[in-house]
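So that the names make sense, note that chain A is the first sequence line, chain B the second, and so on, each numbered from 1.
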There are 2 protein chains.
Amino acid sequence: MFMDDKQPDNSYPDIQVCACANLRRATRLVTQAYDAALRPVGLRATQFTMLAVLGKRGQMRQSDFADVLGMDGTTLTRNLQPLLKKDWIRIDRDEDQRVRLISLTEPGRALLDTAVPLWREVQGQFQTGLGKTQMTALLSTLSATANVAQPG
Amino acid sequence: MFMDDKQPDNSYPDIQVCACANLRRATRLVTQAYDAALRPVGLRATQFTMLAVLGKRGQMRQSDFADVLGMDGTTLTRNLQPLLKKDWIRIDRDEDQRVRLISLTEPGRALLDTAVPLWREVQGQFQTGLGKTQMTALLSTLSATANVAQPG
DNA sequence: TCCATAAACATGTATATACATCTAAGTATC
DNA sequence: GATACTTAGATGTATATACATGTTTATGGA
């Protein structure tokens with residue numbers, strides 16, 4: 001049977017059902033919306049999330065911070081740098097000299113305050129667009145999926 | 001009221017409900033699982049997805065490829081480079097000289113063939129871990145969410 | 001005390017992501 | 001047919017992501 005690359009091939013699994021591909025696709029599109037909403041205050045979605053977690057929980061060990069974010073420790077090390085450069089966070093030492101303690105600075109907290117209404121706006125758009133039922137289903141299935149990926 | 005950064009603050013929205021933060025967190029963890037599963041054949045999750053789409057649909061215009069992936073055009077330009085360097089894809093010109101036509105090479109198709117069973121394995125782990133109902137709910141809510149982010 | 005091990009974080013490297021902007025090529029209007 | 005406009009991609013820059021590995025500090029025996 002001859003087959004050239006210009007023709008589709010039905011022998012491959014439909015990528016339509018790939019959990020990872022669908023997650024990554026949705027995340028790209030949703031992140032663009034949140035990034036756009038937060039652009040007026042100079043924050044990216046990931047940065048807003050990090051500041052919001054710090055605002056909510058107060059000073060945290062860097063390793064605990066990484067766990068909460070579900071972020072590799074080395075990724076967090078890199079992601080902290082832009083926030084540090086802009087003086088939105090502070091890194092202190094613990095008595096245990098290996099440990100870094102991360103906290104918001106005053107400018108960081110002030111920026112978070114200005115960003116929260118922008119977050120509410122874009123979050124509300126998704127809440128409205130999806131409806132309460134689907135939003136709840138989204139958060140619930142994402143949590144279940146994360147738990148499958150990282151049991152315990 | 002005095003408040004220092006070491007203490008949590010309940011005045012901030014619970015990041016637990018942020019669609020973007022939850023998507024990004026789940027995507028990080030799930031991508032690590034798919035990346036690990038595909039590592040034996042030297043593919044990342046995103047690369048596998050791109051090859052699988054090309055395998056399924058055959059030669060595509062670069063802009064259509066970006067649309068299907070929900071990926072910014074400039075991101076796709078960059079993401080094609082590692083695949084080109086490894087000779088897994090080919091880029092041809094259209095009659096319209098602005099257009100690039102992307103297709104799998106023979107090595108690319110062969111690699112995809114070896115990768116599919118690895119994908120099936122990890123995909124099956126999520127299918128089993130979530131159950132059919134939640135997997136269906138995941139794909140369905142991700143699709144709805146993507147549509148809210150990018151109407152039309 | 002000294003050494004092995006472990007824990008916490010940093011660094012080298014590669015990929016993934018997208019906005020702002022640029023270039024090349026096609027289309028339309030006159 | 002020359003000029004404006006539009007479309008398709010590429011490039012400059014910055015952030016996001018994580019594996020393999022390195023460094024520093026703490027801990028637990030021998």
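You won't find any donor-acceptor pair under 3.5 Å spanning the side chain of A:Thr74 and the base of C:dC9, going by distance alone. No donor-acceptor contact under 3.5 Å links the side chain of A:Arg39 to the base of D:dT15. No hydrogens or angles were tested; on distance alone, nothing pairs the side chain of A:Arg28 with the base of D:dT17 as donor and acceptor under 3.5 Å. With hydrogens and angles left out, the side chain of B:Arg98 and the base of D:dT7 share a donor-acceptor pair within 3.5 Å. Residue-to-nucleotide contacts include no donor-acceptor pair under 3.5 Å from the side chain of A:Ser63 to the base of C:dC9. The base of D:dG9 is not paired with the side chain of B:Arg93 by any donor and acceptor separated by under 3.5 Å.
In this entry the distance linking CG of A:Asp92 with P of C:dC9 reads 13 Å, nearest Å. Look at CG on A:Leu80: it is 14 Å from P on D:dA18, rounded to the nearest Å. Rounded to an integer number of Å, the gap from CG of A:Leu23 to C1' of D:dA16 is 17 Å. Look at NZ on B:Lys85: it is 14 Å from C1' on C:dA16, rounded to the nearest Å. What separates CD of B:Glu95 from P of D:dA8 is a distance of 15 Å, to the nearest Å. Put simply, CG on A:Leu76 is 12 Å from C1' on D:dT17, counting in whole angstrom units. For A:Leu43 and C:dC19, the CG to C1' distance is 16 Å, given to the nearest whole Å. If you measure from atom CG of A:Asp72 to atom P of C:dA8, you get 14 Å, rounded to the nearest angstrom.
Between the B:Gln123 side chain and the A:Ala19 main chain, a donor and an acceptor come within less than 3.5 Å of each other. For the pair B:Asn79 (side chain) and B:Gln47 (backbone), a donor-acceptor distance under 3.5 Å is absent. In terms of modelled atom types and a separation under 3.5 Å, the side chain of A:Thr31 and the main chain of A:Arg28 share no donor-acceptor contact.
Residues A:Val68 and A:Met60 have side chains in contact (heavy-atom distance under 4.5 Å, counting atoms from C-beta outward).
Minimum atom distance to the side chain of B:Met71 is reached by C:dT17, of the listed C:dA10, C:dT17, C:dT13. Listed candidates were C:dA14, D:dG9, C:dG26. Nearest to the side chain of B:Gln97 is C:dG26. Residue B:Asn79 has its side chain nearest to C:dT17 when only C:dT17, C:dA10, C:dA18 are considered. Checked against C:dT15, D:dG9, C:dG26, the side chain of B:Thr77 finds its nearest nucleotide in D:dG9. Minimum atom distance to the side chain of B:Gln47 is reached by C:dA16, of the listed D:dC19, D:dT17, C:dA16. Out of D:dA18, C:dA14, D:dT15, the shortest distance to the side chain of A:Arg44 is found at D:dT15.
Mapping A:Ile91 and B:Arg78 onto DNA chain C by nearest heavy atom places A:Ile91 closer to the 5' end of the strand. In terms of position on DNA chain D, the residue among A:Thr75 and B:Arg100 whose nearest nucleotide sits closer to the 5' end is B:Arg100. Across the interface with DNA chain C, nearest-nucleotide mapping of A:Gln62 and A:Thr27 shows A:Gln62 to be the residue nearer the 5′ end.
The structure places CZ of B:Arg25 at 8.0 Å from CG of A:Leu69, a figure rounded to the nearest 0.5 Å. From A:Trp119, atom CH2 reaches atom CZ of A:Phe48 across 6.0 Å, with rounding to the nearest 0.5 Å.
Distances shown here put every side-chain N or O of A:Lys86 at or beyond 4.0 Å from the OP1 or OP2 atom of D:dA14.
Nucleic acid contact class of B:Arg24 (heavy atoms, under 4.0 Å, all strands): sugar-phosphate only.
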